[in-house]
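What follows is one structure encoded as structure tokens, with my remarks underneath.
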Amino acid sequence: MSAPTPTRDQIRQAPKVLLHDHLDGGLRPQTIVELAAEIGHELPAGDAGSLARWFTESADSGSLVRYLETFDHTVAVMQNGPAIARVARECVEDLAADGVVYAEIRYAPEQHVEGGMSLDEVVAAVQEGFDAGMSASGGRIVVRQLLTAMRHQARSMEIAELAIAWRDRGVAGFDIAGAEAGFPPTRHLDAFEYMQRENAHFTIHAGEAFGLPSIWEALQWCGADRLGHGVRIIDNITVADDGSVELGRLASYVRDKRIPLEMCPRSNIQTGAAESIAEHPIGLLTELRFRVTVNTDNRLMSGTSMTDEMVGLVEAFDYSLEDLRWFTINAMKSAFLPFDERLAIIDEVVKPGYAALVAAR
Ligand SMILES: O=c1[nH]cnc2c1ncn2[C@@H]1O[C@H](CO)[C@@H](O)[C@H]1O
Ligand SMILES: [Zn+2]
């Protein structure tokens with residue numbers, strides 16, 4: 001590759017788009033300490049530094065189920081309106097400081113009702129925090145909510161209805177998350193069909209801890225617009241010794257239909273879905289021109305940011321600013337925002353931002 005390697009500083013300045021990031025996976029460690037003290041929740045570590053380490057080390061388990069156990073402590077401190085609004089506002093501030101210009105942030109409202117809030121109040125608290133963060137940024141970042149239903153629970157229809165009720169007030173779509181094995185997407189078919197009838201958008205966590213059948217169901221039974229992770233699509237691709245590549249029918253479908261893949265490299269290494277960044281399927285999928293996007297998943301558990309993810313990819317695959325621009329435009333094209341708003345961000349923010357960095361290079 002002839003273009004010079006982008007520096008961390010250039011990557012931080014570059015406009016970035018984030019489609020897959022969990023609100024309850026991105027709290028500031030210091031905020032967790034303070035919120036836990038307010039409600040008397042016992043944490044596995046007392047100060048912000050050791051707590052941050054506890055999260056990344058515990059999440060580094062090689063298993064999605066054990067990785068997800070760490071969320072007990074973040075969800076526990078997000079059970080009242082002011083706490084949720086604070087976390088949401090800080091999320092926007094942290095993303096804006098990292099150069100993110102558009103983000104869709106997801107969380108499961110049903111996990112935040114233990115303190116007596118209604119589902120509606122939870123969504124309102126998140127929106128209050130997002131609005132505060134967006135206005136503080138002076139319009140530098142646009143943030144939307146995605147409402148997630150937990151796949152092992154049975155509230156997906158209710159959550160889909162909640163997403164529709166809030167569709168013009170900050171909620172851009174719907175998702176399911178949680179342990180994948182044993183909980184196929186078709187378990188929530190009624191919720192996905194309802195979203196389709198409402199002309200609404202949804203993504204599905206699929207092909208992370210479980211393979212092709214999960215991706216196939218998400219697309220061909222449930223009608224997902226995007227795939228959360230989708231890394232296991234690699235199981236339907238064969239690379240021969242001479243380097244020639246053959247795509248199976250499902251992989252071809254995903255590429256032909258430009259199905260966006262919300263790839264989260266560091267998270268995948270922690271849950272055992274990939275060995276290392278260099279060996280992560282994102283390299284091959286990018287070469288094959290799948291519609292790849294780069295995401296953080298859980299900034300706290302992975303100790304990561306959009307800049308960190310992109311720096312890691314640049315180190316592993318020697319990507320240029322042009323490649324990072326490609327990931328970013330892929331993501332913006334795949335956003336659950338109306339077409340004209342997507343185009344405006346691409347033309348007025350993403351392209352000029354990269355052009356300025358390339359000109360200064
Ligand atoms: O990578 C992931 N795969 C599946 N589920 C996840 C992942 N990261 C987070 N969550 C789950 O989504 C919930 C709502 O945000 C979190 O509480 C966590 O249980
Ligand atoms: Zn996720």
Query raised in the report: Picking from Tyr319, Phe317, Phe290, what satisfies ring pair (Phe, Tyr, Trp, His ring centres under 6.0 Å) with Phe327?
Result: Tyr319
Query raised in the report: Under 30°, 30 to 60°, or over 60°: which ring-plane class applies to Phe192 and His188, parallel, tilted or perpendicular?
Result: perpendicular
Requested in this report: Flag the pair Arg291 / Ser334 as yes when at least one side-chain heavy-atom distance between them is below 4.5 Å, and no otherwise.
Outcome: yes
Query raised in the report: Going by distance alone, is a donor N or O of one side chain under 3.5 Å from an acceptor N or O of the other, for Gln145 and Tyr107?
Result: yes
Query raised in the report: If you measure only the distance, is there a donor-acceptor pair under 3.5 Å linking the side chains of Thr7 and Asp9?
Result: no
Query raised in the report: Do the side chains of Asn295 and Asp21 get nearer than 4.5 Å, heavy atoms only?
Result: no
Report task. Output yes when a side-chain donor or acceptor of Glu128 lies under 3.5 Å from a complementary backbone atom of Ala85, and no otherwise. Result -> no
Query - Row check, Phe336 ring normal vs Arg226 NZ/CZ: under 6.0 Å, within 45° - result: yes
Query raised in the report: Within the distance-only criterion (no hydrogens, no angle test), does the side chain of Arg144 pair as donor or acceptor with the backbone N or O of Glu104 below 3.5 angstrom?
Result: no
Query raised in the report: Among side-chain atoms of Glu69 and Ser58, is any donor-acceptor pair under 3.5 angstrom?
Result: no
Requested in this report: Check for a donor-acceptor pair, side chain of Glu180 on one end and backbone N or O of Glu208 on the other, with a separation under 3.5 Å.
Outcome: yes
Report task. Classify the side-chain pair Asp98/Thr307 by whether it contains a donor and acceptor separated by less than 3.5 Å. Result -> yes
